[in-house]
Each structure stands twice: as C-alpha cells, then as structure tokens.
Amino acid sequence: MAASCMFAVSAPFAASSSSSSARRSRRFGVVAMASVGQKVYAPGVAVSEGNGGLPKISLKSPQGSEAEIYLFGGCVTSWKVPSGKDLLFVRPDAVFNGQKPISGGIPHCFPQFGPGAIQQHGFARNMNWSITDSEVTEGDPAVTLELKDDSYSRSMWDFSFQALYKVTLHSTSLSTTLTIINTDDKPFSFNSALHTYFSASIAGVSVKGLKGSKTLNKDPDPKNPLEGKEEREEVTFPGFVDCVYLGAPSELTLDNGLGDKIVISNTNWSDAVLWNPHLQMEACYKDFVCVENAKIETVQLGPKESWVAEQKIELI
C-alpha cells in the first residue's frame, strides 16, 4: 500500500492537572495536517521527515533517552537509552518506501500472525497510522497512534475496527499499549504480536524465564511445528531458532550479548516468540534477535468490544 503524506499533527489546548494526582500530565489534541511542523506537540514530541520522506515521530526525554516511530506501519524503529546506545535493530535490507513493511524495530502483526488467509503478519505494518494524541507526564513524552479500516484492509479482512497504539518513553524504558476495538456490527477474530528486533551479538544472547512453557518449534518444518516443553533455564541461539511459547510468563530477561540486560514485561500478551534466521540472513543474523510478545490464541471480539495489551522493555 502506498504511503501518503497525510498525517495528524497536534493542536494545542489548555494543560490539565490534578492536585490529587501524584503525576502531572499535559495533553495536546490533534487535527489532520498535510505537512510537517505546523502545530505544537507535547514537549518531547516532534514530527519530521524520515527515511524515504516518510513522516517520523521523535520522542525525547529530559534524561536523554530517545525513540523514533514511523507513521507507516506504526513502527518504532529506534529506542536509545541516555548513553546513546540504540537497543533496537533495523535490518540493512529494510526499505522506507511506503510499499513494503519496515524490517526492524517493533513492527505490528495484526490481524494475523505469520502466514495465513491474508498477507504475512497482516496489514497493520503496511498501512499509514495517524497521530491522535500527544502528552507529557512528569517529563515522559507519549504519543498515541490510530489505525482504522479502509478499502485496502477490507479487501483482505472485511471488518470495521479501530486500533490505538500508545508509545511512552521513560529514562530507561519504553512502554506500549495496544487497543483493538470492534467498530463493526458483527463479531471478528484476530491474532497479534509485536515483532520486536533487539540489537544483539547472537553468540552471546540468552533469554531467561521461559522454562516450563509449552513450545511450538518451527524448526525444521514451519508448517508442522513440533509440540514440546521448554526445559532450559536460559534459551540460547546456536543456530536457526523459530519457536512459539504458549502461556509464556509475563516477564522475560534478555541478555543481548552486548553487555545489556533488558526486562521484557507485558500484560495480556499471553505468548512469546523467539526468532533468529541464522544463515537465512547471513548478512545480519549475528546482529539481532527477535523476542516477541504475542497473542497466538485467537481473540474474539463482539461489536463494541475491545482488547488491550501492554508491553514494557526496560534496561536494567
């Protein structure tokens, strides 16, 4: 789907505060605009032209952390901690042309995970999202993106929906909240995942917290995954890895092999996926690992019903 230059830019309105609240928040409404920088965002939130001319949101915290999010695909492509180190990875073969999903960062998988009736991993990563809100709470900037059905999505999946995606930047963590709302007059079902690429030195990578989880191992045959149970305290990546963990814990710890430990916690993402393509991507497999929060079991939503899942990735 071709990218458009239409995106949402915030319009200022009076800041709100509550003396009874321990956290102070200022919020900024949004209106649709066709060019960059014409309106005011919350402090720490800006929009500019990114790679390939695609609109890009930048978040900056007072502590020096930064994040970048492309409206095409609603894709977080960068998360830098105050040291300046980027803990996310974008593949060298990634394209920013509004025609193909961005390969790296935190792509969306919705309304389908993996192959199936529609395009691989669904269409949300291949559509233009818009900005509906920006805010700052105790210095932490946040932006909320929105995706709605259109003729492109309905050509594959004939339902009306609204997806809201809030991204909040903290000093040493990045939080996301994904909300899926059924705006149709009939029920629908879906799967979803955040296909997070972390920068890594794969020989030194390990993931803790999965012991005891049911596994669906897609190696050697992705079409006929082997059922099993994870017995290891630490999962490592000596070769090709593509494994789904059903009923995964709400907190995992990633050692990225570069001297960083990252806690990946979630609410309502019931499953996890580990992936590294090994020699299938010889040019870059040593430099990243995917640790994905997922909802593999089908979610059923009736009209007006919603589903919410949260993720937090934090450097410890």
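Predicted model only: the values in this text are computed from it and were never measured. Values reported hereafter were calculated over all heavy atoms of this structure, with side chains retained and with hydrogens, waters and symmetry mates removed.
Comment: Glu230 engages Arg232 in a salt bridge, judged by a side-chain N to carboxylate O separation of less than 4.0 angstrom. A salt bridge is defined here as a Lys NZ or Arg NE, NH1 or NH2 lying under 4.0 Å from an Asp or Glu carboxylate O, and Arg91 with Asp93 meets this definition. Salt bridge Glu68/Lys56: present, at least one basic N to carboxylate O contact under 4.0 Å. With respect to Lys312 and Glu314, a salt bridge is recorded, a charged nitrogen being found less than 4.0 Å from a carboxylate O.
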Please assess Arg125 against Lys100 for the test side chain to side chain contact (heavy atoms under 4.5 Å, CB included), listing each intermediate value before the final yes or no.
-> CA-CA 9 Å; Arg125 64 186 189 145; Lys100 181 181 178 182; over 6 Å; no
Verify side chain to side chain donor-acceptor pair (under 3.5 Å) between Ser192 and Lys295, making sure each step is shown before the conclusion.
-> CA-CA 5 Å; Ser192 188; Lys295 190 70 173 179; over 6 Å; no
Check step by step if side chain to side chain contact (heavy atoms under 4.5 Å, CB included) holds for Val291 and Val207.
-> CA-CA 8 Å; Val291 183; Val207 177; 4.1 Å; yes
For Tyr41 and Val143, run side chain to side chain contact (heavy atoms under 4.5 Å, CB included): C-alpha distance rounded to whole Å, both residues' side-chain angles, the deciding distance at 0.1 Å, then the answer.
-> CA-CA 9 Å; Tyr41 290 94; Val143 65; 5.9 Å; no
Can you check side chain to side chain contact (heavy atoms under 4.5 Å, CB included) on Asp242 and Asp219, steps first, answer last?
-> CA-CA 6 Å; Asp242 189 359; Asp219 182 29; 5.6 Å; no
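Using cut-offs of 30° and 60° on the angle between ring planes, the pair Tyr165 and His108 is perpendicular. Taking the six-membered ring where tryptophan is involved, the planes of Trp275 and His195 are perpendicular, since the angle between them exceeds 60° and thus also 30°.
Looking only at distances, no side-chain donor or acceptor of Asn217 sits under 3.5 Å from a matching main-chain atom of Leu226. Side chain of Ser199 to main chain of Leu88: a donor-acceptor pair is present (N/O by atom type, distance under 3.5 Å, no hydrogens or angles). Side-chain atoms of His121 come within 3.5 Å of backbone N or O of Gly114 as a donor-acceptor pair. Under the 3.5 Å distance criterion, the side-chain polar atoms of Ser155 are matched with a main-chain donor or acceptor of Tyr152. With hydrogens and angles disregarded, a donor-acceptor distance shorter than 3.5 Å links the side chain of Thr215 to the backbone of Gly228. Remark: side-chain polar atoms of Asn182 are paired, donor with acceptor, to backbone N or O of Lys186 under 3.5 angstrom. Of the possible polar contacts, one joining the Asp184 side chain to the Ser160 backbone as a donor-acceptor pair under 3.5 Å is found. At distances below 3.5 Å, at least one donor-acceptor pair connects side-chain atoms of Thr132 with backbone N or O atoms of Thr144. With hydrogens and angles ignored, the 3.5 Å screen pairs a side-chain donor or acceptor of Asn256 with a backbone N or O of Asp260. The main-chain N or O of Ile296 is found under 3.5 Å from a side-chain atom of Asp271 such that the two form a donor-acceptor pair.
Linking Ile, Leu, Val, Met, Phe, Trp and Tyr whenever their side-chain heavy atoms come within less than 4.5 Å puts Leu174 and Leu315 in one cluster. A continuous path of Ile, Leu, Val, Met, Phe, Trp and Tyr side chains, each step under 4.5 Å between heavy atoms, connects Leu254 with Phe237, placing both in one hydrophobic cluster. When hydrophobic clusters are built by joining Ile, Leu, Val, Met, Phe, Trp and Tyr residues whose side-chain heavy atoms come closer than 4.5 Å, directly or via intermediates, Ile316 is not grouped with Leu87. Taken together through direct or relayed side-chain contacts under 4.5 Å among Ile, Leu, Val, Met, Phe, Trp and Tyr, Tyr197 and Leu169 form parts of separate hydrophobic clusters. A chain of hydrophobic side-chain contacts below 4.5 Å, direct or via other Ile, Leu, Val, Met, Phe, Trp or Tyr residues, connects Phe159 to Ile180.
Taking both residues in full, the closest heavy atoms of Ala193 and Ala294 are given as CB-CB, 3.7 Å, listed atom of the first, atom of the second, then distance. Between Gly257 and Ser201, the shortest heavy-atom distance links the atoms O-CB, 3.6 Å. Of all heavy-atom pairs spanning Thr168 and Ala142, the tightest one is OG1-CB, 3.4 Å. A pairwise comparison of heavy atoms in Lys80 and Gly84 identifies CD-O, 3.8 Å as the closest pair. For the pair Thr179 and Ser306, the tightest heavy-atom approach, listed with the atom from each and the gap, is CG2-CB, 4.4 Å. Annotation for Ser213 and Ala248: closest pair OG-CA, 3.8 Å, computed over non-hydrogen atoms.
Taking a 6.0 Å sphere around CD of Gln119, one finds it holds more than 12 heavy atoms contributed by other residues, nucleotides or ligands. Counting heavy atoms of neighbouring residues, nucleotides and ligands inside a 6.0 Å radius, atom NZ of Lys304 does not exceed 12 of them. Heavy atoms from other residues, nucleotides or ligands lying under 6.0 Å from NZ of Lys85 number more than 12.
Annotation: Phe190 is not in aromatic contact with Trp157 [ring centroid separation under 6.0 Å not met]. A distance below 6.0 Å separates the ring centres of Phe96 and Tyr70.
Taking CD of Gln112 as the start and OG1 of Thr298 as the end, the distance is 10.0 Å to the nearest 0.5 Å. Separating the CD atom in Glu234 from the NZ atom in Lys211 is a distance of 11.5 Å, to the nearest 0.5 Å. Considering CG of Asp140 and CG of Leu59, their distance stands at 10.5 Å, rounded to 0.5 Å. Here CG of Leu71 is found 7.5 Å from CG of Asn128. Values are rounded to the nearest 0.5 Å. Rounding to the nearest 0.5 angstrom, the gap separating the CD1 atom in Ile181 from the CG atom in Leu164 is 5.0 Å. Put simply, NZ on Lys208 and CD1 on Ile264 are 13.5 Å apart, with the number rounded to the nearest 0.5 Å.
Legend: residues meeting side chain to side chain contact (heavy atoms under 4.5 Å, CB included) with Glu310, ordered by chain and number and at least two apart, are Thr177, Thr267.
Annotation: side chain of Leu216 is in contact with side chain of Leu246 (closest heavy-atom distance under 4.5 Å).
The closest side-chain donor-acceptor pair between Asp86 and Ser78 falls under 3.5 angstrom. Looking at Asn293 and Gln311, their side chains do bring a donor and an acceptor atom within 3.5 Å of each other. Remark: the Gln63 side chain and the Ser65 side chain contain no N/O donor-acceptor pair separated by less than 3.5 Å.
Residue Leu145 forms a side-chain contact (heavy atoms from CB on, under 4.5 Å) with just one option from Asp133, Ile57, Leu178, and that option is Ile57. When each of Phe198, Phe288, Tyr285 is paired with Phe89, the ring pair (Phe, Tyr, Trp, His ring centres under 6.0 Å) condition holds for Phe288 and for no other. Screening Phe161, Phe110, Trp269 for a ring pair (Phe, Tyr, Trp, His ring centres under 6.0 Å) involving Trp307 leaves a single residue, Trp269.
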